[in-house]
Structures are given as structure tokens and as C-alpha cells.
Amino acid sequence: MITRKWHTVAEVAEMLGYGLSKTKMLVATGRIQSVKDGHNRRILPEWVDQYINDRVAEAA
């Protein structure tokens with residue numbers, strides 16, 4: 001089985017339980033870090049974890 005090294009915005013939206021438009025907004029505003037790969041954005045798993053950790057810290 002191959003483990004993906006990065007995710008699409010749609011995959012991250014599904015992982016977080018968010019809609020695609022909300023996730024795109026989070027990427028566009030820099031709340032979730034991403035890198036442009038051709039015409040698409042890619043997100044490393046640790047960047048998803050960082051977003052979650054930031055949200056938890058904000059809630060505390």
C-alpha cells in the first residue's frame with residue numbers, strides 16, 4: 001500500500017469534515033498552508049495537523 005505524501009484540498013476537506021468552499025477559503029487565507037503544484041494546491045499531512053493544533057490552541 002502506498003502512503004500519500006500530500007493531499008488535495010478536496011481530500012483535506014473530507015478529512016476535516018468541512019465543505020470544499022470553506023477549505024479553499026482556509027487555504028486562500030493561509031490558515032492551512034499549501035503549495036501550488038501546476039494548477040492545483042497540495043497540502044502536506046503535517047500542515048493539516050498544524051491547522052488542527054492551532055484551532056485547539058485558539059479554543060483553549
Side-chain angles (χ1 to χ4, degrees):
M1 182 173 194
I2 297 173
T3 302
R4 291 186 178 205
K5 299 293 184 183
W6 56 13
H7 303 290
T8 65
V9 175
E11 290 169 341
V12 172
E14 187 174 330
M15 287 189 304
L16 295 174
Y18 291 168
L20 184 58
S21 60
K22 177 175 181 168
T23 308
K24 285 182 178 181
M25 182 211 47
L26 292 170
V27 168
T29 59
R31 300 278 318 262
I32 297 178
Q33 189 175 351
S34 69
V35 65
K36 188 135 173 118
D37 180 39
H39 294 287
N40 301 304
R41 289 266 165 202
R42 301 290 186 228
I43 302 166
L44 293 174
E46 55 262 29
W47 295 341
V48 177
D49 294 340
Q50 184 60 52
Y51 169 74
I52 293 167
N53 291 336
D54 291 348
R55 291 292 298 143
V56 169
E58 288 173 10

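Everything quoted here is computed from the prediction, not taken from an experiment. These numbers come from the heavy atoms of this one structure, side chains and all, not from hydrogens, waters or symmetry mates.
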Paired with S34, the side chain to side chain donor-acceptor pair (under 3.5 Å) test is passed by just one of H7, R41, K24, namely R41
Does the side chain of [X] reach to within under 4.5 Å of the side chain of [Y], using non-hydrogen atoms?
X: Y51; Y: L26; answer: yes
X: I32; Y: L16; answer: yes
X: I43; Y: Q33; answer: no

Practice item. Determine, stepwise, if the pair V35 / W6 fulfils side chain to side chain contact (heavy atoms under 4.5 Å, CB included). Key: CA-CA 10 Å; V35 65; W6 56 13; 3.8 Å; yes
- Take atom NZ in K5; do more than 12 heavy atoms of anything else shown fall under 6.0 Å from it? no
If only atom types and distance count, is the side chain of E11 paired as donor or acceptor with the main-chain N or O of T8 below 3.5 Å?
-> yes
Hey, mind stepping through T23 and M25 against side chain to side chain contact (heavy atoms under 4.5 Å, CB included) and telling me if it holds?
CA-CA 5 Å; T23 308; M25 182 211 47; over 6 Å; no
Between A13 and G19 the two heavy atoms that sit nearest each other are CB-O, 3.9 Å
So the salt bridge (Lys or Arg N to Asp or Glu O under 4.0 Å) pairs with at least one residue in residues 43-60 (sequence neighbours excluded) are R31-E58, R55-E58
